[in-house]
Amino acid sequence: MSYVAGFRVDFKPPVHPFFSSVAMRVLSLIRSRFAPVLATWIDDQELLNASLERIVSSRDATLADYQANLAMPLQKKLGKPPLTIAEDIMAGLDLGDICSSVTIAGQGYINLRLSPEWLAKSLSEAHADHERLAVTKVDNPKTYVIDFSSPNVAKPMHVGHIRSTVIGDSLSKILRFLGHKVITDNHLGDWGTQFGMIIYGYKHFRDEDAFARAPVAELSRLYREVQRIISYQDAERKLPTLELAIPKAEQKLADAKSKVAASPKDKKLAKESSSAENQLKELHEELNKAKETIDQAKSDTEFVARAQSHADLSQRVLRETSKLHQGDAENLKLWNDFLPNCKEEIHTVYQRLHVEFDYEYGESYYHDMLPMVVEDLLGRSMAVNSDGAICVFLDGYDAPMIVQKQDGAYLYATTDIATAMFREREFAPDACLYVVDHRQSEHFQKLFDVLRKIGITQTELNHVQFGTVLGKDGKPFKTRSGTVVGLESLLDESVERAWQVVCDPDRLKSAGSELTDAEKRHIAEVVGLGAIKYADLCHNRTSNYVFDMEKMVQLVGNTSAYIQYSYARTRSILRNGDTEGYNAARISNAEMVLATGPEMTLALQLLRFEDMLAQSMVDYLPNLLTEYLYETARLFSSFFEQCPVLKADNPETVLSRLKLTDLTGATLRKGLELLGIGVVERM
RNA sequence: GCACCCAUAGCUCAAUUGGAUAGAGCAUCGGUCUACGGAACCGAAGGUUCCAGGUUCGAACCCUGGUGGGUGUACCA
C-alpha cells in the first residue's frame with residue numbers, strides 16, 4: 001500500500017469562487033440582460049464579467065432595488081462620460097418584463113425597480129416549491145471536504161469546541177443545499193499525547209470502582225489529575241528561571257528609561273522602553289501564576305507527595321504515548337478499551353446538538369501512513385535532518401515544520417499531510433475547508449505550502465479560521481476558578497435560561513394557548529440550543545466574540561429567539577386563517593398581489609434568499625445568513641404591523657398576504673435549518 | 001525580533017469585497033395603538049471609520065509609514 005505512489009495528480013479545472021460559478025437567481029437574470037448590451041462595446045471577456053459583477057442589489061432601498069455601478073469605471077476605456085455610457089446602455093436594455101422602472105442617477109448609476117407583478121410571480125413559484133423555495137442548484141457542483149469540530153476525545157468538550165462545530169456544520173448544510181457534494185470529517189484527536197496522559201493516569205492513579213461505574217468520568221478525572229501534576233512540576237521548574245529573569249528585565253527597563261530621559265524625542269527608544277515594560281509585566285504575571293499554582297498544590301500535601309513520586313511526569317507521559325505508537329500491547333489494549341467510551345461521550349454531545357458527520361477517521365487512522373510521508377518528503381529533498389529531527393524548512397518562516405521528532409515520534413503536521421493526501425486520493429475534492437481556530441493559521445500556511453509542493457495544486461485549500469470566544473472581561477472564556485467551561489453545562493444553562501425567558505407564565509398567558517410541560521421543555525431546548533449556535537454564527541467568523549448568555553437568549557435584538565418567535569407568529573396567523581376557511585390549498589392557488597410598500601419590501605427581501613446564500617459561501621461567512629434572517633424577521637414585523645392580514649378588506653388580499661406570510665415563515669425555517677437551528681410552531 | 005489577525009456610534013456588531021448621505025441591535029430619549037400573540041411598531045439622538053500620507057471618477061475597504069490590541073513563533077495538538 002503506497003499512499004504516496006497512489007496519490008492522485010491528475011488535473012481538474014481550476015477552482016475560483018466567482019459569482020459565475022454559483023447560483024444567483026435574480027442577479028444572474030438581470031446580468032444576463034445587460035450582457036449582450038455591454039458586449040456591443042466591450043470585447044474583453046474579463047472586463048465584461050467584471051462589469052456585470054458591478055450589478056448588485058441596492059444597499060439603500062430608497063434609491064433602488066438593484067443597481068448597476070458599471071458606467072463609471074468604463075469611462076476611460078470607452079472614452080465617454082459615465083452618464084453617456086449609462087444612457088447608451090439603458091437604450092439597449094430590455095428589462096420590461098422584470099422591472100417597473102430603469103433610471104439613471106448620480107454620476108452614472110443605473111437604478112432598477114422590480115415590477116410588483118414579476119416579483120409576485122417569482123415568489124409564487126418559491127411558495128409552490130416547499131422543498132427548495134425555488135433555490136436552484138449550482139450548474140457545476142464541487143466536491144468539498146470539510147474538516148471541523150475535531151475535539152481531543154480524551155478530554156471533555158468545552159466552549160472552545162463549539163465554534164468549529166457550529167460553523168462547520170452550517171457551512172456543510174449551506175453548501176449541500178446549493179447543490180455541492182459535501183463530505184464532512186470529524187478529525188478526532190484520538191492518538192496524541194492526551195492518550196499518553198490517561199494511560200499513565202490509569203496505570204498509576206485509577207479508582208477501580210469509579211472506572212467500573214462511569215469510565216468516562218474517571219478517565220476525565222485521571223486526565224485532569226495528570227494535567228495538574230504536570231503544570232505543578234512546570235511551575236516548580238520555571239520558578240527559578242523566572243526569579244532570575246525579573247531583575248534582568250528590571251535592569252533592562254531602567255536602562256531603557258534612562259535612555260529615554262536622555263533623548264525624550266527619540267521614538268524608537270520610547271518604544272523600546274514600553275516594550276521592556278510589557279516584558280517585565282508579563283514576567284511578573286507568569287511568576288505570579290507559577291507561585292499560585294505552587295501555593296495551591298502545597299496546601300494539599302498528598303498531592304505534593306504524588307507529584308514527587310512521579311517526577312518529570314511530562315516525560316513519562318511522552319514515553320507512554322511513544323509506546324502506544326510503537327504498538328506496545330498493554331497500551332494498545334488500554335487505548336482500545338478507552339476509545340469507545342470517549343467516543344460515546346462526545347457523541348452524546350453531537351446528538352444533542354444535532355450535528356452529524358460522514359466520517360470520523362481521527363488521527364489514529366493515519367498512523368500507518370506516517371513513515372511514508374516522511375520518506376516521501378526526504379526523497380523529494382524537501383525534508384532534512386536538523387538537530388536529529390526531520391524538518392521541512394519553508395521560505396518565510398523561522399521555525400521549520402517538524403515531521404518527525406528526535407525520539408522518532410510523528411507530529412500533527414505529519415498526520416495532517418497524510419490526511420490531506422488520503423482525502424485527495426479518496427475523495428478527489430475541489431476544495432478542502434479546515435474550520436479551525438485562528439491560532440493555528442501559521443500551521444496551516446505551512447501545511448498548505450508543503451501540500452502545494454508535493455503536487456496538490458488544483459484543490460482549494462482553505463483554513464476557515466475563527467476568533468476566540470471571550471468572557472465579558474474580554475479575556476478567553478473561563479469559569480471564575482479559571483478552568484475552561486464544559487460544553488454540556490453550557491448547553492444546560494442556555495436551555496434553562498431559555499425556559500425562564502420563553503416559558504414565563506405571564507408571557508404564555510398573553511399568548512393565549514396552554515402548553516403542556518413536554519411542549520415547554522421542547523421549546524426551551526430548541527430555543528436554548530439555537531441561542532448558543534446563533535450567537536456564534538452571527539458574528540463575523542474571523543473576529544473574537546464576547547460570550548454573553550444573558551443577551552443571547554433574549555427575544556429582542558439579533559438573536560435566534562427573535563427569529564424563531566417571528567416564525568411562530570407566521571404559523572399562528574396561518575392557523576387562525578385555516579380556522580376561518582383560508583386553508584393551504586386556497587393559499588397555494590391564490591394570486592399574490594403586492595400592493596403596498598411593506599409588502600414590496602418584504603417580498604424583495606424574500607426574493608434575495610438564493611443570492612444571499614451564494615454570496616455567503618464566497619468567503620464562507622454564515623453571518624451573512626444570520627443577518628439576512630434577522631432583517632427578514634424585522635421586515636415581517638413591520639409588514640405585519642402595517643398590513644392587516646386576516647382583517648384585510650377582501651378575501652383576495654387576505655389570501656395574498658397569507659401567502660406572503662407563509663413564504664416568510666418557510667424562508668425563516670429553511671434559513672435557520674441551514675444554520676443547524678430548529679423552529680417550533682408556537683412559543 | 002519575525003509572522004499573521006484586528007481597530008467603525010457609549011456597548012455588541014454590519015457595510016453585497018472599491019460605489020451614492022457608513023447601517024442595525026442593545027442602552028438613552030420621544031411617539032403610536034384596549035393588540036390578526038405588545039417581549040410590537042414608528043421616530044430622534046449618537047461618527048475625524050485609530051493616525052499621517054498615497055493610488056482614482058470614487059476609499060472604512062487597496063498601497064506605504066506609524067500607533068494601539070490580540071495571536072503564533074523547533075520537536076503539544
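Every chain is numbered from 1, with letters handed out A, B, ... down the list of sequences. Every heavy atom of this structure was used, including side-chain atoms; hydrogens, water molecules and symmetry mates were not.
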Kindly give the atom pairs (protein nitrogen or oxygen, nucleotide nitrogen or oxygen) under 3.5 Å for nucleotides 40-43 of chain B.
unit_1	atom_1	unit_2	atom_2	d
B/A40	O2'	A/Glu641	OE1	3.3
B/C41	OP1	A/Tyr562	OH	3.2
B/C41	OP1	A/Ser637	OG	3.3
B/C42	OP1	A/Ser638	OG	3.1

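A/Asp416 comes within 4.0 angstrom of no nucleic acid atom, judged by non-hydrogen atoms across all strands. In this structure, A/Pro82 reaches neither bases nor backbone, as no heavy-atom distance under 4.0 Å exists between it and the strands shown. Across all strands, A/Gln67 comes closer than 4.0 Å to base atoms (heavy-atom distances). Contacts of A/Ser58 with the nucleic acid, taken as non-hydrogen atoms under 4.0 Å apart, include base atoms.
No hydrogens or angles considered: nothing links the side chains of A/Tyr434 and A/Gln440 as a donor-acceptor pair under 3.5 Å. Side-chain contact check for A/Thr84 and A/Glu87: no donor-acceptor pair (N or O, by modelled atom type) lies under 3.5 Å. One side chain, A/Asp416 or A/His443, offers a donor N or O that lies under 3.5 Å from an acceptor on the other. Residues A/Gln605 and A/Tyr628 bring no donor and acceptor atom of their side chains to less than 3.5 Å of each other. Residues A/Ser58 and A/Asp60 have side chains that never bring a donor and an acceptor to within less than 3.5 angstrom of each other. Judged by distance alone, the side chains of A/Tyr630 and A/Arg634 never bring a donor and an acceptor atom under 3.5 Å apart.
Across all strands shown, B/U56 forms no Watson-Crick or G-U wobble pair with both distances under 3.5 Å. When both pairing distances are held under 3.5 Å, B/G72 makes a Watson-Crick or G-U pair with B/C2. Across all strands shown, B/C26 is found opposite B/G10 as a Watson-Crick or G-U wobble partner, with both distances under 3.5 Å.
For B/C26, neither phosphate oxygen OP1 nor OP2 lies less than 4.0 angstrom from any side-chain nitrogen or oxygen of A/Lys551. Using a 4.0 Å cut-off, no side-chain N or O of A/Asn69 falls inside it from OP1 or OP2 of B/G18.
Of the two residues contacting RNA chain B, namely A/Gln465 and A/Arg54, the nearest-nucleotide position lying further toward the 5' end is that of A/Gln465. Take the nearest nucleotide of RNA chain B for A/Leu624 and for A/His438: the residue whose nucleotide is more 5' is A/Leu624.
Put simply, the side chain of A/Trp335 reaches to within 4.5 Å of the side chain of A/Ser364, judged on heavy atoms.
Applying the 5.5 angstrom centroid cut-off and the 30 degree plane-angle cut-off, the aromatic ring of A/Tyr412 is not stacked upon the base of B/C76.
Nucleotide B/U17 carries a syn base; the chi torsion (O4'-C1'-N9-C4 or O4'-C1'-N1-C2) is within 90° of 0.
Remark: the separation of the P atoms in B/G46 and B/G23 is 14 Å, to the nearest Å.
Regarding A/Arg439, its CZ atom lies at a distance of 14 Å from the C1' atom of B/C76, rounded to whole Å. The CD atom of A/Gln406 sits 10 Å away from the P atom of B/C76 (whole-angstrom rounding).
Checked by distance alone, A/Ser441 brings no side-chain donor or acceptor within 3.5 Å of a matching partner on the base of B/G72. Between the side chain of A/Ser386 and the base of B/A74 there is at least one donor-acceptor pair of N/O atoms closer than 3.5 Å.
For A/Tyr366 and A/His187, the distance between ring centers is under 6.0 angstrom.
Comparing B/A39, B/U56, B/G19 by their closest approach to the side chain of A/Pro73 singles out B/G19.
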